[in-house]
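Naming convention: chains lettered A, B, ... in sequence-line order (proteins, then strands); numbering from 1 in each chain.
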Amino acid sequence: MPEIPEIAARASEMNAELRGKTILNLEVLQPKCLNIAAGDFITALTGAELKGTTYHGKWLITETSQGWFLLNLGMGGEILLVTRQTLPEKRRIILDFTDGSSLAINFWWFGYAHYMAADRLSEHKMTAQLGPNAMDLDVDKLRILIKSQRTRLKTFLLDQSKIAGIGNAYIHDILFLARLHPLRPLASLSEEEIAHLYQGIHAGLQPSIDKGGAFYELNLHGQKGGFVLEEILIGYKEGQPCPVCGTPIQKIKTGSNSSFICATCQVI
DNA sequence: TATCTTGTTAATCG
DNA sequence: ACGATTAACAAGAT
């Protein structure tokens, strides 16, 4: 479940370690994750030199000498810098570089590997529709976004077209830190509560950003992120005591997904 | 075996 | 048009 902390770490690693590598050839083991035919994808990127990598929401965006390479790891996956001799068992796309290294990309379930021509990045719908990165929002922009919506808080935070990069893993702690219930109607939030939400987004994401993402995702060298289970406050801790008041943490249904809350600290 | 899970889009209904 | 809900899609763990 890569969200902002994991994606930011991957972008930084790719930016530092892949820049300057030239693609010798590509192997596509799962054509359905592409946005164009596999043959066209391979033709487009063969011979391309990788440049910088940035991210927008859950998308990794790499500039190459022959256009854009965009990756979305979906519900989780690995981007491993290996060689043909050390290929991981699970891979869906492989980029072989002229220096003998290879990039093996896997999604554990859904994911996307897209190509856009150099002058057509703005036509890539899935990234063009994204809102600002969660950590780039200031409290005034957040207030304006909230005023224009009438849904519930959790739905809003997960809507990538409003705020990009928050997923259903970090959101439990973000809402707990803000002392807000996931089902709160947006329109009922006070100015003070919006300020708490802003602080919750930062306080919930920053520790993991500082540690290269969560333990359940791997970096380019197969090492786990430094943000460990013990640092998660209430997410996935059903039945354990709330760290603030001791009330057992509850798992509740919020629409089609689940949320972990402290029913004492987070009142609707 | 049946159910659950991290993402995103599309279709539908009110 | 908007919000809510559901299904679908390429798996894997329990």
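Salt bridge annotation for Glu13(A)-Arg19(A): absent, with no cationic side-chain nitrogen under 4.0 angstrom from a carboxylate oxygen. Salt bridge Lys90(A)/Glu78(A): absent, no basic N to carboxylate O contact under 4.0 Å.
Whole-Å rounding puts the Ile166(A) CD1 to dG7(B) C1' distance at 14 Å. The OH-P distance, from Tyr112(A) to dA11(C), rounds to 14 Å in whole Å.
Here Lys125(A) lies out of heavy-atom contact (under 4.0 Å) with every strand. Residue-level contact check: Lys162(A) touches neither bases nor backbone, having no heavy atom under 4.0 Å from any strand. Note on Arg150(A): only backbone sugar-phosphate atoms sit closer than 4.0 angstrom, heavy atoms only; bases stay farther off. Looking at heavy-atom distances under 4.0 Å, Gly255(A) makes no contact with the nucleic acid at all.
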**OP:** Let me have DNA chain B in dot-bracket notation, would you? Count Watson-Crick plus G-U wobble pairs, both distances under 3.5 Å, and use [ ] for pairs crossing earlier ones and | for inter-strand partners.
**Re:** .||||.||||||||

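The residue among Lys32(A) and Ser148(A) whose nearest nucleotide of DNA chain C is located toward the 5' end is Ser148(A).
When the side-chain nitrogen and oxygen atoms of Asn72(A) are compared with OP1 and OP2 of dT8(B), one or more of them lie within a distance under 4.0 Å. Residue Ser258(A) places at least one side-chain N or O closer than 4.0 Å to OP1 or OP2 of dT5(B).
Ring pair Tyr236(A)/Phe260(A) is tilted by interplanar angle, where 30° to 60° counts as tilted.
With P as the reference atom, dT8(B) and dA1(C) are 24 Å apart, rounded to whole Å.
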